[in-house]
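A short worksheet on the structure shown next.
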Amino acid sequence: MVVQLCTAGFFPYRNSYGGVSLVREGTEMSVWLEQKQQLIAALREAIDAARASGKLQVESVPEIGLEVPRDKQHGDFASNIALVMARSARKAPREVAEIIVEHLPQGGVIRAVEVAGPGFINFFLSNDWLYATLRAIEEQGEAYGNSSYGTGEKVLLEFVSANPVGPMNVVNARAAAVGDTLARLLRAVGHTVHTEFYVNDAGNQADVFARSLEARYQQLRDPSYPFPEDGYPGEYVIDLAKVLQEERPDLLDLPYEERIAFCKRWGTDQMVEMQRADLAAYGVEFDLWFRERDLHEAGALEAVIQFLKEKGLLFEEEGALWFRSTQFGDDKDRVIVKSDGSYTYVTADIAYHHNKLQRGFTKLINIWGPDHHGYIGRMKAAIQALGYGADTLEVLILQYVALLRDGQPVKMSKRAGEFITMQDLVDEVGKDAARFFFLHRSPESHLDFDLDLAVEQSSENPVFYVQYAHARISSVLRQAAEQGITVPTCREVDLSLLQHEAELDLLKQLAALPEELLQAALLREPHRITNYALELAGLFHSFYTHCHILGEEPSLRDARLVLVANIRTVLRKVLGLLGVDAPEQM
RNA sequence: GCGCCUGUAGCUCAGGGGAUAGAGCAUCGGACUUCUAAUCCGAGUGUCGCAGGUUCGAUUCCUGCCAGGCGCGCCA
């Protein structure tokens with residue numbers, strides 16, 4: 001596996017089919033990957049034979065790539081190896097291709113080979129491997145497509161981590177969808193994944209929130225009581241104050257400082273519970289809600305400062321204590337202890353990441369909003385200062401979300417307390433549409449979220465398109481059951497009856513899932529799965545129009561029943577990864 | 001000024017060192033006595049932001065520029 005540096009994180013993936021297996025030894029292989037490996041092996045054999053016979057004179061053989069051509073006229077798989085080797089072989093690409101093809105082992109699954117275009121070698125296979133895919137799905141069920149590629153990697157995935165001082169926004173909703181699905185994907189390819197929400201309940205914002213809550217509480221008795229200038233204006237603080245009054249009518253008996261301390265702890269706890277409930281309704285649950293205040297109470301900040309001090313990475317200037325993060329490539333050094341003796345946000349965050357590392361995670365993935373990208377440098381510096389490689393921390397930066405209504409951006413003003421919260425969004429469009437839309441685009445793209453489209457129950461709405469495919473299959477299977485027809489197993493039917501172009505297209509799409517999953521997980525690109533689901537649904541709808549199932553004579557009917565039952569399994573699986581429901585009827 | 005993201009069809013966006021660059025929407029035209037027409041089939045649309053470079057080959061990689069978004073605190 002080759003590791004490449006990207007600015008926003010590390011993407012440890014390359015198309016390394018030649019020589020490097022994508023699945024570890026002794027683990028299950030998908031039909032698809034197995035097929036590719038076989039063809040690559042055949043190509044290597046042919047090239048070696050050609051070299052041995054002197055027809056191909058090259059010093060070394062480059063990595064052999066194999067891809068599915070965009071145009072299926074170009075075969076099931078195609079390799080550009082002849083184009084790559086042409087230079088060192090001092091021959092025209094097509095000539096190299098011809099020589100390789102001459103030496104290819106005969107027979108087997110390869111039905112035909114052709115040299116095409118500038119020198120591609122196109123493989124046309126017999127359909128057996130596609131039918132083998134159906135058997136694999138039948139055996140593995142919704143585990144189909146999973147692999148053990150990531151065995152040994154212990155990932156801590158931190159996402160959302162919204163401040164516990166107000167409702168979550170739409171970027172939080174995007175982060176929740178991306179993070180949750182990424183966690184599911186990483187698990188599917190064999191990583192051990194632990195998810196965390198970091199609760200920033202000890203900083204300035206929590207103090208401001210506590211004073212806002214206290215003021216609202218006071219105002220319940222005395223409307224003229226002054227509200228802090230920098231306070232949080234939202235209605236929710238007033239609602240919270242009312243609850244507080246019910247629970248603690250005696251709060252004013254406490255001295256001011258204790259009252260604020262109580263409001264801070266109680267208030268942030270309330271907000272955390274709200275966030276937890278909102279996220280649960282959205283299908284997102286965390287393994288741990290990590291409290292910043294626990295770090296403070298455990299003395300973790302002092303401990304990590306001591307650690308850095310002993311390494312000689314801290315210095316004093318202008319009354320403050322600084323972390324020499326520039327030593328590890330950061331733009332500037334960072335204040336760790338302010339001149340007033342309090343800590344900065346980064347101090348607690350370093351302590352938190354220290355804590356993560358001490359718990360034995362080998363990979364820390366954080367998903368942040370676009371306003372935090374400037375923070376990557378200092379955190380990577382901190383990770384290195386703590387004695388780990390910069391690659392241990394990987395940061396995914398999500399981009400901004402613009403909500404559109406009637407084609408126009410929805411204006412929001414946080415200052416005026418007017419903005420669409422995550423909960424507003426979910427209430428309006430539903431969990432499924434919200435998640436699907438967020439997972440439809442690549443994480444780093446700026447996203448236009450069309451509210452009108454998301455609620456539309458029509459073909460225009462992609463989430464319904466996929467769900468409808470699942471419902472349609474469910475309906476067929478229901479009717480089959482009503483007619484007393486049970487879905488047979490692969491062994492009981494003649495799969496070779498599946499010859500229609502629409503059927504073969506579907507089988508290829510099913511076969512491609514393991515690799516899609518691996519790519520989506522390793523590239524941290526959940527949207528690949530959304531697109532996969534849309535393609536699979538599209539192929540099914542087309543098949544459904546062109547091919548009948550229950551009306552056909554029994555042998556074909558049974559083969560098609562097996563096909564659609566397995567399509568349904570895969571649709572369930574991918575919708576499950578996306579956190580979207582797979583309805584039996586619509 | 002520096003950094004990050006984005007720039008592909010009228011719109012929203014996929015894709016990606018190679019074979020005629022894709023989808024959905026929108027537009028136009030077809031398909032329901034037949035397992036859900038929330039569906040399908042067909043038609044048109046492109047200087048892949050601009051300019052260089054690397055390469056047999058660049059829309060893809062590199063550099064510079066232009067445009068839009070977002071950052072650059074002893075805030076979090």
Side-chain angles (χ1 to χ4, degrees), chain A residues 7-8 65 67 69-71 73-74 78 80 83-84 86-87 92-93 116-120 122 161 163 165 200 202-208 230 292 317-322 331-332 334-346 348-349 369-377 397-400 402 404 407 440-450 453 456-465 467-469 471-480 482-483 502 527-528 530-531 534-535 537-538 540-552 557 560-561 564 585-586:
Chain A
T7 42
E67 58 168 29
R70 281 202 205 104
D71 186 340
Q73 307 248 316
H74 297 139
N80 66 345
L83 291 143
V84 178
R87 189 181 180 76
F120 289 101
N122 295 340
S161 298
N163 283 331
V165 299
N200 185 227
N204 263 357
Q205 294 198 15
D207 287 326
V208 172
D230 57 352
E292 183 189 346
E317 194 173 290
E318 295 172 10
L321 190 63
W322 296 69
D331 300 346
K332 44 184 102 163
R334 306 294 171 179
V335 170
I336 289 291
V337 182
K338 300 184 221 170
S339 51
D340 68 359
S342 62
Y343 300 112
T344 60
Y345 177 79
V346 74
D349 224 14
D371 50 337
H372 281 71
H373 89 265
Y375 204 74
I376 297 172
I397 296 293
L398 294 179
Q399 293 299 322
Y400 184 68
L404 301 180
H440 194 188
R441 304 303 180 203
S442 68
E444 72 270 20
S445 71
H446 301 257
L447 178 70
D448 281 335
F449 193 113
D450 188 332
L453 178 59
E456 197 153 336
Q457 309 217 343
S458 78
S459 58
E460 293 170 37
N461 190 339
V463 65
F464 282 91
Y465 186 81
Q467 289 179 319
Y468 182 45
R472 266 184 152 176
I473 296 172
S474 300
S475 171
V476 171
L477 298 182
R478 260 196 315 274
Q479 289 183 49
E482 282 164 20
Q483 294 172 28
H527 72 284
R528 286 169 178 271
T530 317
N531 286 321
L534 280 164
E535 278 171 34
F540 168 75
H541 286 309
S542 181
F543 158 79
Y544 186 88
T545 305
H546 292 109
C547 302
H548 278 236
I549 301 164
L550 298 180
E552 298 290 345
R557 176 199 69 198
R560 285 184 171 162
L561 279 173
V564 298
Q585 48 192 334
M586 293 176 72

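These values consider heavy atoms only, across backbone and side chains, with no hydrogens, waters or symmetry-generated copies.
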Pair assignment for [N], Watson-Crick or G-U wobble, requiring both distances under 3.5 Å:
{"N": "B:G7", "result": "B:C66"}
{"N": "B:C2", "result": "B:G71"}
{"N": "B:G57", "result": "none"}
{"N": "B:G42", "result": "B:C28"}

Is the aromatic ring centre of [X] closer than 5.5 Å to the centre of the six-membered base ring of [N], with the two planes inclined by less than 30°?
{"X": "A:H548", "N": "B:C35", "result": "yes"}
{"X": "A:H74", "N": "B:A19", "result": "yes"}
{"X": "A:F120", "N": "B:A19", "result": "yes"}

Side-chain-base donor-acceptor pair under 3.5 Å for [X] and [N]:
{"X": "A:S475", "N": "B:C35", "result": "no"}
{"X": "A:N80", "N": "B:G18", "result": "yes"}
{"X": "A:N122", "N": "B:A19", "result": "yes"}

Roughly how many Å is it from [atom1] in [X] to [atom2] in [N], rounded to a whole number?
{"X": "A:Q205", "N": "B:G73", "atom1": "CD", "atom2": "P", "value": "16 Å"}
{"X": "A:E444", "N": "B:C4", "atom1": "CD", "atom2": "P", "value": "14 Å"}
{"X": "A:D450", "N": "B:A26", "atom1": "CG", "atom2": "C1'", "value": "13 Å"}
{"X": "A:L534", "N": "B:G15", "atom1": "CG", "atom2": "C1'", "value": "15 Å"}
{"X": "A:L550", "N": "B:C35", "atom1": "CG", "atom2": "P", "value": "10 Å"}
{"X": "A:H440", "N": "B:G15", "atom1": "NE2", "atom2": "C1'", "value": "12 Å"}

Look at all strands and tell whether [X] reaches a base, only sugar-phosphate, or nothing, counting heavy atoms closer than 4.0 Å.
{"X": "A:I336", "result": "nothing"}
{"X": "A:Q467", "result": "nothing"}
{"X": "A:V84", "result": "base"}
{"X": "A:S342", "result": "nothing"}
{"X": "A:S339", "result": "base"}
{"X": "A:H527", "result": "sugar-phosphate"}
{"X": "A:A78", "result": "base"}
{"X": "A:E535", "result": "nothing"}
{"X": "A:N163", "result": "sugar-phosphate"}
{"X": "A:A86", "result": "nothing"}
{"X": "A:A206", "result": "nothing"}
{"X": "A:R70", "result": "sugar-phosphate"}
{"X": "A:D349", "result": "nothing"}

Ignoring the backbone of [X], work out which of [options] is nearest its side chain.
{"X": "A:H446", "options": "B:G18, B:G68, B:C35", "answer": "B:G68"}
{"X": "A:D71", "options": "B:C40, B:U20, B:A19", "answer": "B:U20"}
{"X": "A:N531", "options": "B:U6, B:A14, B:G71", "answer": "B:A14"}
{"X": "A:S445", "options": "B:G68, B:A14, B:C35", "answer": "B:A14"}
{"X": "A:I549", "options": "B:C40, B:C35, B:A19", "answer": "B:C35"}
{"X": "A:K332", "options": "B:A14, B:C74, B:C72", "answer": "B:C72"}
{"X": "A:H373", "options": "B:U6, B:G71, B:C40", "answer": "B:G71"}

Is the phosphate of [N] approached by [X] (side-chain N or O, under 4.0 Å from OP1 or OP2)?
{"X": "A:T344", "N": "B:C75", "answer": "no"}
{"X": "A:R441", "N": "B:A23", "answer": "no"}
{"X": "A:H541", "N": "B:C41", "answer": "no"}
{"X": "A:Y375", "N": "B:G73", "answer": "no"}
{"X": "A:R472", "N": "B:A37", "answer": "yes"}
{"X": "A:K338", "N": "B:G73", "answer": "no"}

With [atom1] as the reference atom in both, quote the distance from [N] to [M] in angstrom, rounded to an integer.
{"N": "B:U8", "M": "B:U54", "atom1": "P", "result": "27 Å"}
{"N": "B:U63", "M": "B:C75", "atom1": "P", "result": "35 Å"}
{"N": "B:A19", "M": "B:U33", "atom1": "P", "result": "43 Å"}
{"N": "B:C11", "M": "B:G17", "atom1": "C1'", "result": "30 Å"}
{"N": "B:G3", "M": "B:G16", "atom1": "C1'", "result": "26 Å"}
{"N": "B:G46", "M": "B:G52", "atom1": "C1'", "result": "23 Å"}
{"N": "B:C25", "M": "B:U20", "atom1": "P", "result": "27 Å"}
{"N": "B:G49", "M": "B:A38", "atom1": "C1'", "result": "38 Å"}

Does the side-chain contact (heavy atoms from CB on, under 4.5 Å) test come out yes or no for A:T344 and A:K338, once each step is laid out?
CA-CA 7 Å; A:T344 60; A:K338 300 184 221 170; 3.8 Å; yes
Residue pair A:A320/A:G117 against RNA chain B: nearer the 5' end by closest nucleotide is A:G117
Sorted by position of nearest nucleotide on RNA chain B, 5' first, the leading residue of A:V346 and A:A537 is A:A537
A:Y345, OH atom: more than 12 neighbouring heavy atoms under 6.0 Å:
yes
Over 12 non-hydrogen atoms of neighbours within 6.0 angstrom of CD in A:Q73
no
Given the rule in the side-chain contact (heavy atoms from CB on, under 4.5 Å) test, do A:N531 and A:L534 qualify, once you have shown the distances and angles that lead to the verdict?
CA-CA 5 Å; A:N531 286 321; A:L534 280 164; 4.1 Å; yes
Parallel, tilted or perpendicular for A:Y375 and A:H372, by the 30°/60° rule?
perpendicular
Is the backbone N or O of [Y] less than 3.5 Å from a side-chain atom of [X], with the two atoms forming a donor-acceptor pair by type?
{"X": "A:R441", "Y": "A:H446", "result": "no"}
{"X": "A:N122", "Y": "A:A78", "result": "no"}
{"X": "A:H74", "Y": "A:A116", "result": "no"}

Walk me through it: do A:V564 and A:L477 pass the test side-chain contact (heavy atoms from CB on, under 4.5 Å)?
CA-CA 9 Å; A:V564 298; A:L477 298 182; 4.2 Å; yes
Can you tell me how far the CD atom of A:Q479 sits from the CG atom of A:L550, to the nearest 0.5 Å?
6.5 Å
